[in-house]
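Here is how names work: the chains are called A, B, and so on, in the same order as the sequence lines, proteins then strands, and each is numbered from 1.
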2 protein chains.
Amino acid sequence: MSSHIPIGRKVTLNDIAAGCGVSRATVSLVLRGSPLVNKLTRARVEEELRRQGYVYNRAAANLRRRTSTSIALVLNDLANPFFAEFAAGVDEALAAAGFVTLLGCTGESPAREQAVLGSLLEHGPAGIILSPAEHSRAADVLAAVGRRAPLLLFNRELGGALPEFAHWDQLMLDNQHGARLATEHLLERGHRRIAFFGGHHDSSSCRQRHAGYAEAMRGAGLRTEPHWRIECAPTRLDAAHHTPALFAGAFAPTAAVCYNDAVALGLMLGLNQRGLRPGHDFALTGFDDIAEAALGMPPLTTLSAAPRERGGQAAELVLERLQQPQAASRQTVAPVRLIVRESSCPPPIT
Amino acid sequence: MSSHIPIGRKVTLNDIAAGCGVSRATVSLVLRGSPLVNKLTRARVEEELRRQGYVYNRAAANLRRRTSTSIALVLNDLANPFFAEFAAGVDEALAAAGFVTLLGCTGESPAREQAVLGSLLEHGPAGIILSPAEHSRAADVLAAVGRRAPLLLFNRELGGALPEFAHWDQLMLDNQHGARLATEHLLERGHRRIAFFGGHHDSSSCRQRHAGYAEAMRGAGLRTEPHWRIECAPTRLDAAHHTPALFAGAFAPTAAVCYNDAVALGLMLGLNQRGLRPGHDFALTGFDDIAEAALGMPPLTTLSAAPRERGGQAAELVLERLQQPQAASRQTVAPVRLIVRESSCPPPIT
DNA sequence: CTGAAAGCGCTTACAG
DNA sequence: CTGAAAGCGCTTACAG
């Protein structure tokens, strides 16, 4: 059980009612802007509210009315700028709708996710926006949340699908289309030997991006080599380490579609170590458009998901769900935009 | 007034009590872990809680007990990685203490800050952590918050000091010391003509950093030239634009202590445009250690405030205040660490 | 147009 | 060790 912090004496409806000689009910009606109240009574009450510095106790009101004015936002990694932007977008849209954001971070741990969901649910959010931790399972989330609040899944799918899945809304990035755009862009530049670099195949976003890449390659009538698909952790460091594998076989690629920007920046490091100049001798693209992407050497061609707008969209989606609890669940796919920068050069002339 | 969202029928203490033939009071005692309850009764109740999928209604409990288990976190800019890290640190520490984070973003607007504080206060947080919007005034914050919850001020001071100020705790970065460290580091490298570049003098953090720079220069017995103090907006772009001003007079500087990393990165661009190689022909330092700092060309010597740890510290400070509402207010200054990278080269040999 | 009364889901003395 | 009763700060039919 959590600690308990006593609150100082606060001004309540009783104080206001007593202060201007009306009943609690009348004060309540004034607060809620009811047209039933006499103008003069209203003015007197409003003056008294100001005078005593009254603050509405929304928790009490919510209890009585059996409503909620909060939405839980559960994120796998707030320190990641992508999710920070997303959170800012969520909070802005929720605030505009009169809701408050209950924040919870899981640090990519399914166990912490369970704890965070449990704790936030005790505060009775009207809905939940969840960007799941890496290996979070559908069954566990379902057990924690049940039917207590509608859930919107953002960015990642959960492991181990379930029948109840159908009840959850989803907002996903168009990973497949994005990777296809990047691949087609490199094809247009004249590349034929294009690798797909980084990420792990057990991540749904990685599979989707790879599918988009494969689709574009097939569409161009091109075959791919096994060593054009290098898996590695989605970090700069691991990407740099795995760079040599790209050049291990015959038909070395002249370009790579990278799982994300971090991987692309790491590949740049790895290329430099081999004496290859990214953006001159080798072309590459990222995914996410993190702040560093525009500053890389060279600046990185990448895909932007406009995380702040996604946040606003996620907020809209849960709020709509609250209006229509029974409507069929919605699977929304957010568009992704190609941002062309210097890193996606034409192939070197051989 | 905000919208209202009806909540579905939930399992309450009454359902549990009825379900296993005890009174509500007994169930409550079980929930709160009271030793007064018979072991068998406890086991029966716990089984029933599980069976019905009971979720504790903390809002109702808080209302009855007149307690609160939430802390409001009000940030000027969550999209800024520094504050995102800070927020992650706050949330982690609060969660560990059984508290929940009520998030609010102001987007650097004092007007939105007022609205956000008002809205969050209606949810009855036990305390508030506020990183104020740029031109937020003490009087306005006081009017919004009053004595309804203890406030911890983070990162920036408020405009227009007030007697009541003394009631607020503060957690500030050691800006002055940090800038002094950077300046002394450049002095040790052999620089004598060192500029202070970027930021606006009406920002308290900028004044403090400039004071640290001036202190180090005085300490070394060095005078400074007027054109060694260039003001500009704390953005990359504006910094790049203002670069020529550094070289407008006689005694051009060989190094610059920059207001922050964004400014330093902008100055790098500006130097490149003049044909000067940062880290070779000109030395510079930043402030913040943003992710791009380590990746700059060259990597940027800078100061780290360890934002995530600051978040944990801020959470500790408010939680301590809740235990001791009457204790004298505390002004905490968080240390800042110099991170030496290639940008702070020795002066060119002339 | 205003007030008295009941109740949201919990907790907490107080009896027994 | 357990239960009946009152009350946290609100809202909402229902009278008048």
query: Going by the angle between their ring planes, with limits at 30° and 60°, are B:F82 and B:F154 parallel, tilted or perpendicular?
result: parallel
- prompt: Between A:T69 and B:H123, do the side chains contain an N or O donor and an N or O acceptor separated by less than 3.5 Å?
  reply: yes
query: Rounded to the nearest Å, what distance is computed from the CZ atom of residue A:R44 to the P atom of nucleotide C:dC1?
result: 14 Å
message: For C:dG3 and A:S23 - does any side-chain N or O of the residue sit under 4.0 Å from the phosphate oxygens OP1/OP2?
response: yes
query: Taking atom CD of A:Q326 and atom CD of A:Q324, what is their separation to the nearest 0.5 Å?
result: 10.0 Å
field: Working for salt bridge (Lys or Arg N to Asp or Glu O under 4.0 Å), residues A:E108 and A:R156
entry: CA-CA 12 Å; A:E108 294 287 16; A:R156 284 215 269 250; 2.6 Å; yes
query: Rounded to the Å, how far apart are B:L40 CG and D:dC1 C1'?
result: 12 Å
field: N/O (side chain, A:T41) to phosphate O (OP1/OP2, C:dC1) under 4.0 Å
entry: no
- request: Round to a whole Å and report the spacing from NZ of A:K10 to P of D:dC10.
  value: 10 Å
message: What is the separation between atom CD on B:E122 and atom P on D:dG9, rounded to the nearest whole Å?
response: 16 Å
- prompt: Where does DNA chain C pair, written as one dot-bracket string 5' to 3', with Watson-Crick or G-U pairs under 3.5 Å, ( ) inside the strand, [ ] for crossing pairs and | for another strand?
  reply: |||.||||||||.|||
query: Expressed in angstrom and rounded to an integer, what is the separation of B:N38 atom CG from D:dT2 atom C1'?
result: 10 Å
statement: To the nearest angstrom, the CG-P distance between A:N14 and D:dC8 comes to 8 Å
- line: For B:E309, the salt bridge (Lys or Arg N to Asp or Glu O under 4.0 Å) test, sequence neighbours excluded, returns none
- prompt: To the nearest Å, how far apart are B:N57 CG and D:dC10 P?
  reply: 16 Å
message: Can you list everything that forms a salt bridge (Lys or Arg N to Asp or Glu O under 4.0 Å) with B:R64? Sequence neighbours excluded, please.
response: none
- prompt: Under 4.0 Å: is that the gap between some side-chain N or O of B:R66 and OP1 or OP2 of D:dG9?
  reply: yes
message: Checking B:R24 now: which residues fulfil salt bridge (Lys or Arg N to Asp or Glu O under 4.0 Å) with it, not counting sequence neighbours?
response: none
query: Nucleotide by nucleotide, 5' to 3', does protein get under 4.0 Å of the base (B), only the sugar-phosphate (S), or neither (-) in nucleotides 11-16 of chain C, counting heavy atoms?
result: BB----
query: side-chain contact (heavy atoms from CB on, under 4.5 Å) with B:V22: which of B:V30, B:V27, B:I16?
result: B:V27
Euclidean distance, atom CD1 of residue B:I16 to atom C1' of C:dG9 [Å, nearest integer]: 12 Å
Exercise answer: donor-acceptor pairs, residues 126-145 of chain A side-chain atoms, under 3.5 Å, sequence neighbours excluded:
from: A:S131; atom 1: OG; to: A:N76; atom 2: OD1; distance (Å): 2.9
from: A:S136; atom 1: OG; to: A:E113; atom 2: OE2; distance (Å): 2.4

field: Phosphate OP1/OP2 of D:dT2: any B:T26 side-chain N/O under 4.0 Å
entry: no
